[in-house]
There are 4 protein chains.
Amino acid sequence: MGEDKKNNIVEAALKLFEEQGYHQTKVSDIVREAGVAQGTFYLYFQSKEDLFRSIAEACLEEISEALKHGPHAPCQNNEVYYWMIQRSLTVYYHNRAILSIMYRNGIASQEIRDISQAFYHEMMLIIKEHLKEWGGCPDYSEEQLEIAAYSKIGMVEMVAYQWFVVQGHGPEYIDSIAQVIVDMDSMEVSEE
Amino acid sequence: MGEDKKNNIVEAALKLFEEQGYHQTKVSDIVREAGVAQGTFYLYFQSKEDLFRSIAEACLEEISEALKHGPHAPCQNNEVYYWMIQRSLTVYYHNRAILSIMYRNGIASQEIRDISQAFYHEMMLIIKEHLKEWGGCPDYSEEQLEIAAYSKIGMVEMVAYQWFVVQGHGPEYIDSIAQVIVDMDSMEVSEE
Amino acid sequence: MGEDKKNNIVEAALKLFEEQGYHQTKVSDIVREAGVAQGTFYLYFQSKEDLFRSIAEACLEEISEALKHGPHAPCQNNEVYYWMIQRSLTVYYHNRAILSIMYRNGIASQEIRDISQAFYHEMMLIIKEHLKEWGGCPDYSEEQLEIAAYSKIGMVEMVAYQWFVVQGHGPEYIDSIAQVIVDMDSMEVSEE
Amino acid sequence: MGEDKKNNIVEAALKLFEEQGYHQTKVSDIVREAGVAQGTFYLYFQSKEDLFRSIAEACLEEISEALKHGPHAPCQNNEVYYWMIQRSLTVYYHNRAILSIMYRNGIASQEIRDISQAFYHEMMLIIKEHLKEWGGCPDYSEEQLEIAAYSKIGMVEMVAYQWFVVQGHGPEYIDSIAQVIVDMDSMEVSEE
DNA sequence: GATGAATGAGTTTTCATTCAT
DNA sequence: CATGAATGAAAACTCATTCAT
């Protein structure tokens with residue numbers, strides 16, 4: 001019962017944050033959309049920022065959880081790479097609402113900044129491990145591996161944002177995008 | 001004289017937006033930092049958002065301007081690629097303040113969103129042209145080229161943000177980061 | 001059972017009103033401290049103010065009750081005076097919690113103001129009677145007796161508040177305080 | 001100009017606090033009464049409590065200032081005593097608004113409590129000095145002098161509150177009240 | 001009797017913007 | 001051009017009280 005109302009609030013907030021942005025969305029908008037009273041909001045969240053933090057945390061955790069687990073069957077070479085890209089895109093596609101919110105609303109506060117930063121750091125560590133396991137960069141220093149990892153994250157995030165959020169394409173693009181990203185890398189070298 | 005004050009306001013705003021974010025920075029903070037009166041602000045800018053838009057526009061233009069022009073000497077293969085990455089990193093390094101502001105403050109309004117989107121679109125077109133000239137992807141469709149271009153942008157932006165803004169490293173990293181990004185791509189293929 | 005809960009509520013309220021004041025204490029604080037549900041409060045009290053009124057009334061009644069009855073053995077001169085002071089101090093000591101609350105929380109509402117005023121009026125009448133019986137002021141008008149009575153009340157209240165509440169001293173001070181007050185009056189005259 | 005508005009706010013607040021009490025008076029009431037905009041209030045005071053503190057501080061300081069200075073001509077015996085009582089009553093009469101506010105509104109916060117306590121302590125020290133100079137209580141310990149001082153304060157405060165605030169009498173009562181208080185003390189002794 | 005989730009009217013507070021000087 | 005006191009609409013948040021279970 002209580003969880004129902006809390007859920008309504010979260011759903012309403014997600015919808016409105018995505019549509020109009022965090023700062024443009026008033027608590028009164030959220031409760032109207034959720035069909036609850038003003039006070040009910042503060043029964044479940046300490047403040048508007050607390051709600052945003054809670055949403056951000058949950059979604060970022062979902063993303064990192066999804067990327068944490070490697071491919072089911074062992075695979076080699078850039079199959080891992082392909083898997084990683086494809087998997088990331090899928091996760092981003094399903095979380096395109098929050099991705100949009102994080103991208104478009106930036107850092108609402110110091111606390112959100114820390115959460116966001118911790119998320120990227122964790123993502124980077126996961127990717128770095130994948131890169132090591134995969135063995136594609138044998139003589140890279142830790143620092144170089146980190147640069148490589150961050151670049152992968154940025155790549156996927158930007159393309160996902162442009163394709164799924166800005167242009168509004170559906171999941172049918174996931175495979176072809178992944179293919180382009182992986183092929184592109186190969187091609188660059190086949191040039192040499 | 002007047003331009004002096006306008007400049008002071010812009011400098012103060014850049015500093016404060018970077019330190020505390022757009023929404024957290026009050027006009028009264030900006031004018032105090034700039035050493036001008038409250039009303040003076042509105043002699044030079046129509047609104048707080050107008051100031052942000054003006055700053056964003058100028059900086060994004062500077063970035064796109066810097067990337068618009070190809071390498072001075074003709075070069076081949078992934079030399080162009082290396083040049084592009086290195087050039088982007090340099091530009092991002094010098095504009096790390098605004099990069100940080102755009103990253104951390106997201107889309108302050110519909111108008112800013114449009115400016116930001118237009119910027120990414122223009123960037124994408126520039127990169128796409130570079131990719132075509134370079135000839136690295138002969139049989140790519142326009143769409144595939146766009147995906148490739150966006151992925152480059154995301155890659156550079158994320159690494160630059162993490163290295164220059166979050167970790168605070170200096171320009172001495174530009175070359176080694178560029179090297180990692182380019183090499184990494186090569187390596188991926190040398191694996192096959 | 002029911003009375004148990006009511007008692008818990010009263011005890012909790014007394015504690016919290018004393019610690020943090022009436023206006024700073026929320027009904028939710030009281031019920032949490034009392035270990036009952038929010039709704040239970042309204043089974044026993046019509047409102048938060050009703051609770052305060054109930055507490056204030058009970059305590060003020062206790063105080064006036066204690067002062068109503070003269071000394072057990074007939075006594076003369078300022079023995080009555082000493083008895084009165086000492087008795088008042090004792091009563092105030094035992095009701096220092098409510099004294100503190102009344103002092104520190106002032107008049108929560110028109111109704112409380114009336115109760116408080118009625119209390120002081122009643123006290124004044126009691127003291128006035130004591131003064132008359134004692135015969136210390138033979139040719140005083142009613143008005144002059146009232147002034148004298150109020151001054152006694154203020155004297156005891158202030159000293160009790162400062163000694164028992166602010167400085168936290170114990171009942172062992174009652175006698176010496178009474179002595180000072182009575183002696184002081186005498187001394188003033190012995191000067192002449 | 002600016003001070004004009006600030007003054008209006010203070011006047012309005014004094015009036016309303018006295019009429020309806022601190023907690024019953026809304027900032028919106030104050031600004032309406034003062035004829036200024038809502039925001040103007042926060043130009044001069046950080047919060048409603050800040051205003052109350054500011055008023056309380058100023059008035060308590062005025063009272064203690066008025067009592068600090070002894071009688072102009074040297075005088076002996078209980079002439080000093082009479083002077084002190086009369087002077088206190090006069091001061092209390094002129095500050096009956098704030099006296100009423102402090103009495104009726106109690107301690108709005110921890111900070112106000114501290115201010116109030118500091119005021120009583122200072123008053124007590126002043127009275128104690130007067131008592132010493134006067135020499136009426138030669139062999140009193142410091143502690144006994146403090147009890148005596150607090151009892152004087154309570155006496156005057158209560159009578160002033162009852163006469164000037166509750167019953168609304170005018171300054172013509174000051175002398176007769178002072179007379180009663182001083183005479184009463186004498187009489188008590190003349191009885192023995 | 002007892003519960004505690006839900007309410008919503010009511011308050012404080014903020015801050016971009018204006019305009020008389 | 002420059003000022004800065006004044007504005008007031010708009011927002012977040014509070015909490016005593018209710019009522020269905």
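Reminder, nothing fancy here: chain letters follow the sequence lines and each chain counts from 1.
- Every residue two or more places apart in sequence or in another chain that forms a side chain to side chain contact (heavy atoms under 4.5 Å, CB included) with D/Asn95 is listed here: D/Glu62, D/Ile63, D/Val91, D/Ile98.
- Taking the side-chain hydrogen bond (donor to acceptor under 3.5 Å, both in side chains) definition, one finds that D/Tyr120 meets it with D/Glu157, sequence neighbours left out.
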When the side chains of residues 51-61 of chain A are checked against the rest of the protein, which donor-acceptor pairs come out under 3.5 Å, sequence neighbours left out?
from    : atom 1 : to      : atom 2 : distance (Å)
A/Arg53 : NH1    : A/Asp50 : OD1    : 2.8
A/Arg53 : NH2    : A/Asp50 : OD1    : 2.9

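- Partners of D/Gln117 by side-chain hydrogen bond (donor to acceptor under 3.5 Å, both in side chains), not counting sequence neighbours, listed by chain and number: C/Gln162.
- Mapping B/Leu43 and D/Leu43 onto DNA chain F by nearest heavy atom places B/Leu43 at the nucleotide closer to the 5' end.
- For the side chain to side chain contact (heavy atoms under 4.5 Å, CB included) test, residues two or more places apart in sequence or in another chain that qualify with B/His94 are B/Thr90.
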Parsed dot-bracket for DNA chain F after applying the Watson-Crick and G-U rules with both distances under 3.5 Å and | for other-strand partners is .||||||||||||||||||||
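- Remark: D/Phe45 engages D/Phe41 in a ring pair (Phe, Tyr, Trp, His ring centres under 6.0 Å) (not counting sequence neighbours).
- When the P atom of F/dT3 is taken as reference, atom CG of B/Asn8 falls 11 Å away, rounded to whole Å.
- Rounded to a whole Å, the CG atom of A/Asp4 is 12 Å from the P atom of E/dT7.
- Between B/Arg96 and B/Val165, the shortest heavy-atom distance links the atoms O-CG2, 3.7 Å.
- Going from atom CD1 of D/Ile9 over to atom P of E/dT12 covers 14 Å, rounded to whole Å.
- Residues in residues 32-46 of chain A take part in these salt bridge (charged side-chain N to carboxylate O under 4.0 Å, His left out) pairs, two or more places apart or across chains: A/Lys15-A/Glu33, A/Asp29-A/Arg32.
- The distance from atom CG of A/Leu51 to atom P of F/dA12 is 12 Å, rounded to the nearest whole Å.
- Between the C1' atom of E/dA2 and the CZ atom of C/Phe45 lies a distance of 16 Å, rounded to the nearest Å.
- Side-chain contact check for B/Val36 versus B/Ile9: some heavy-atom pair is nearer than 4.5 Å.
- At whole-Å resolution of the value, CZ in B/Arg32 and C1' in F/dA2 are 19 Å apart.
- When the side-chain nitrogen and oxygen atoms of A/Lys6 are compared with OP1 and OP2 of E/dA5, none of them lie within a distance under 4.0 Å.
- Backbone-only contact: A/Val36 has heavy atoms under 4.0 Å from sugar-phosphate atoms and none from a base.
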Per-nucleotide protein contact string for nucleotides 13-21 of chain E (B base, S sugar-phosphate only, - none; heavy atom under 4.0 Å): BBBSBB---
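- The CZ-P distance, from A/Phe52 to F/dA12, rounds to 15 Å in whole Å.
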